[in-house]
Trainee: 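Provided herewith is a single structure, encoded as structure tokens, for subsequent inquiry.
Note that the coordinates shown come from a computational prediction; the quantities given were computed from them, not determined experimentally. Lettering of chains follows the sequences in order, A, B, ..., and the numbering in each one begins at 1.
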There are 2 protein chains.
Amino acid sequence: MGNEAQTHDLDRMKMRGRIMRRSASFNVAHAVDDLGPGTGAQSIQRALSLLGLVGIISSENPNGAPLSEIVAISGRPKASVHRMLNALIAMGYVERCEDGGYRLGVQSQIMGQLAQKSADPAIEESESSLLRLAELTQDTAFLTMRTGSYSICARREDGFGPIFNNALAVGDRHPLGIGAGSLAIMTQFSDAEVDASFDANSRIFADRYPEVSVPRLKEIIRRGRHDGFVHNPGLFAQGSWAIGVPLRVKGRKPRAALSIASIEERMTGARVFELAELLQHEARQIAEAVNSASGEDQT
Amino acid sequence: MGNEAQTHDLDRMKMRGRIMRRSASFNVAHAVDDLGPGTGAQSIQRALSLLGLVGIISSENPNGAPLSEIVAISGRPKASVHRMLNALIAMGYVERCEDGGYRLGVQSQIMGQLAQKSADPAIEESESSLLRLAELTQDTAFLTMRTGSYSICARREDGFGPIFNNALAVGDRHPLGIGAGSLAIMTQFSDAEVDASFDANSRIFADRYPEVSVPRLKEIIRRGRHDGFVHNPGLFAQGSWAIGVPLRVKGRKPRAALSIASIEERMTGARVFELAELLQHEARQIAEAVNSASGEDQT
DNA sequence: CATCCGCGGTCCACATCATGGATCCGACTT
DNA sequence: AAGTCGGATCCATGATGTGGACCGCGGATG
């Protein structure tokens, strides 16, 4: 249960060309089936996965996501996808543009507004920092946030150089431990929490990231605790190296991290420390901004 | 099918005190069960209703929505609500704050961001206009948007006077025709479309708004087409009068509207025309802004 | 012009999956 | 200690979502 997606590998192969350009959707499609059956909420999870997929695809393609593409990437039968999309449309979370493509709807926008009031302000505050980082380093800067035992790419700003890194797009979900930002967050955990997190996701690691060595990750976390930043030497995606620092805010539990990703040549030697320095500086800025902001808006 | 909520009226009575303060949630709870069974997507709709509910409640209550309240308002059994919320949490759309309350999660924020790229820019552009309107009139200004045969309150700004109108909150959904903004949108329809819309929602009107006369609404729409604005003399909520104007943007089909609501005394005589004037002015501003914006961001 | 193919949409028998009443547990109040 | 309230869990039941197969269209192709 969970490898049913394999039966659709052929379909996916056919459109590999398209997917290469957008590993984002690919990742999302593969971060879908957590929380196995028996929990009584599979349809919800599938539907929300679709919603995320629509969001990502349509944010790249100006006139919406065609059904066929959603079907191919999600790996679910066309009829099911169609039915779910209709449900999402009925609820206003998805709309169809004139040309028939699917895109996010008004309700999604509204949810976003509501979410910004109640959820973590780090996403807001991080914007200028990410822009600065992307500008200064000419690489790609990310804000990663934790949710439960997962981490999500919450924001991303590209530098102006040739774009090297498209291994992670806004909205991508990976289990905690996958990605420099994710690892940076985990440096804030206790050893017990780290172990618990990896244990919780052990099956997903085995299924989805068989090439990743958990002990290796734990080692990186340990070193990160000491150094104040983590360094991922291309462990997760071919040629995608990255540095991440945690974002500490007051006494809050759920955490965030900033990271920068680039190719190997730009992620070695002295530059590692320069980048770490930059990241830490911005992380402090954001933390302060969040602190003062949350002090005011008690309305 | 659809009146099952009635069995929970007693529960609701108990917390009427709380609900009075927040008719928003009330409205949402009642805009839930559209698209009857047989469509194969009830669980999705229910789950998304919950999501909206969490959004609205938690946007008002700083430390999240307690399960019991969500249960009471949604009118669904506790176990079901609990299970669905867990699914939403697993997907990152909902989070729990320290005190145990439910609030919107990181994914919801991200969806919002993605949505703003692909969906209607009117919501963005309207902000300053709504602020001006609220400031100038000291009443409450709304942006209403259409989705399918529904209209949604997409934005709301309160004036500084004593707050008279809490009949409509951000995120509230009503069938097209309920509310001044909604009616303003319908002035852009052809007669056939107006009829079709009311027909599509006829059962919902009968169930949920038995006191509303559809012919009366059609009359208001007709007059609105002539005047360029619609005037709702407290038809939907006791003492809540309103004026709305449609928002025309280029050749787009889905539409939006601006409206102002207040008490009867402030919605009669010459002031009606002053307000209509103001609204039309802002509507034009927004339309222009949207036009020029959509011209640029073709990336 | 006939044909094929990709794409979006629909149907419906089947069994998986969500359902919700009952129950339990811990925290807080009287 | 007994009572109350909010949250979490269990599990038999059938309503509900599922997805393979089919349809119709429009645009390329030979």
Trainee: How many whole angstroms separate atom CD1 of I44(B) from atom P of dT19(C)?
Mentor: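 Rounded to whole Å, this separation is 11 Å.
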Trainee: Could you state the CG-P distance from D99(B) to dA27(C), rounded to the nearest angstrom?
Mentor: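 For the pair D99(B) CG and dA27(C) P, the rounded distance is 16 Å.
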Trainee: Measure from CE on M84(A) to C1' on dT10(C) and round the result to the nearest Å.
Mentor: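 For the pair M84(A) CE and dT10(C) C1', the rounded distance is 17 Å.
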Trainee: Mark yes or no for whether S197(B), through its side chain, and E193(B), through its backbone, hold a donor-acceptor pair below 3.5 Å.
Mentor: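 Pair absent, no side-chain N/O of S197(B) close to backbone of E193(B).
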Trainee: Any side-chain to backbone donor/acceptor pair from R173(B) onto P175(B)? Under 3.5 Å, distance only.
Mentor: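 Answer holds: no.
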Trainee: Return the set of residues passing side chain to side chain donor-acceptor pair (under 3.5 Å) with S151(B) (not counting sequence neighbours), or none when no residue passes.
Mentor: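 Expected list: S182(B).
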Trainee: Would you indicate, yes or no, if dC17(C) has its OP1 or OP2 atom less than 4.0 angstrom from a side-chain nitrogen or oxygen of S43(A)?
Mentor: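 Looking at the OP1 and OP2 atoms of dC17(C), neither is under 4.0 Å from any side-chain N or O of S43(A).
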Trainee: Could you tell me whether K218(A) and D195(A) have a side-chain N and a carboxylate O separated by less than 4.0 Å?
Mentor: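 Salt bridge between K218(A) and D195(A), a charged N being under 4.0 Å from a carboxylate O: yes.
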Trainee: Among dG17(D), dT19(C), dG20(C), which nucleotide sits nearest the side chain of R46(B)?
Mentor: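 Side chain of R46(B) sits closest to dT19(C).
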Trainee: For S58(B), what residues pass the side chain to side chain donor-acceptor pair (under 3.5 Å) criterion, not counting sequence neighbours?
Mentor: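 Result, side chain to side chain donor-acceptor pair (under 3.5 Å) vs S58(B): none returned.
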Trainee: Nearest whole angstrom, please: distance from the P of dG21(C) to the CZ of R76(B).
Mentor: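 Atom-to-atom, R76(B) to dG21(C), this comes out as 11 Å.
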Trainee: Could you state the CD-P distance from Q45(B) to dA18(C), rounded to the nearest angstrom?
Mentor: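 Rounded to the whole Å, the gap is 16 Å.
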Trainee: With sequence neighbours left out, what residues match A65(A) under side-chain contact (heavy atoms from CB on, under 4.5 Å)?
Mentor: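 Residues passing side-chain contact (heavy atoms from CB on, under 4.5 Å) with A65(A): I57(A), I70(A).
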Trainee: Distance check needed: dG6(D) C1' versus I57(B) CD1, whole Å only.
Mentor: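 That distance rounds to 15 Å.
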Trainee: May I ask you to decide if S149(A)'s main-chain N or O and N201(A)'s side chain share a donor-acceptor pair within less than 3.5 Å?
Mentor: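 Answer holds: yes.
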Trainee: Between atom CD in Q42(A) and atom P in dG17(D), what is the gap in whole Å?
Mentor: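 Going from Q42(A) (CD) to dG17(D) (P), I get 13 Å.
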Trainee: Give the angle between the helix axes at the two ends of the helix from dC1(C)-dG30(D) to dT30(C)-dA1(D), taking five base pairs at each end and rounding to 10°.
Mentor: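 Inter-axis angle at the termini of the helix from dC1(C)-dG30(D) to dT30(C)-dA1(D): 30°.
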Trainee: List, with names and distances, any nitrogen or oxygen atoms from the protein found under 3.5 Å away from nitrogen or oxygen atoms belonging to nucleotides 7-12 of chain D.
Mentor:
from	atom 1	to	atom 2	distance (Å)
dG7(D)	OP1	L67(B)	N	3.0
dG7(D)	OP2	L67(B)	N	3.2
dG7(D)	OP2	S68(B)	N	2.6
dG7(D)	N7	K78(B)	NZ	3.1
dG7(D)	O6	K78(B)	NZ	3.1
dA8(D)	OP1	R96(B)	NH1	2.5
dA8(D)	OP2	H82(B)	NE2	3.1
dA8(D)	OP2	R96(B)	NH1	3.2
dA8(D)	OP2	Y102(B)	OH	2.9
dA8(D)	O5'	H82(B)	NE2	3.3

Trainee: Can you name the side-chain contact (heavy atoms from CB on, under 4.5 Å) partners of T147(A), sequence neighbours left out?
Mentor: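 Per chain and number, T147(A) pairs via side-chain contact (heavy atoms from CB on, under 4.5 Å) with I152(A), E95(B), V106(B).
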Trainee: Distance-only, no hydrogens or angles: does the D172(A) side chain make a donor-acceptor pair with backbone N or O of A169(A) under 3.5 Å?
Mentor: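 Indeed, once roles are kept as given, a pair shorter than 3.5 Å links the two residues.
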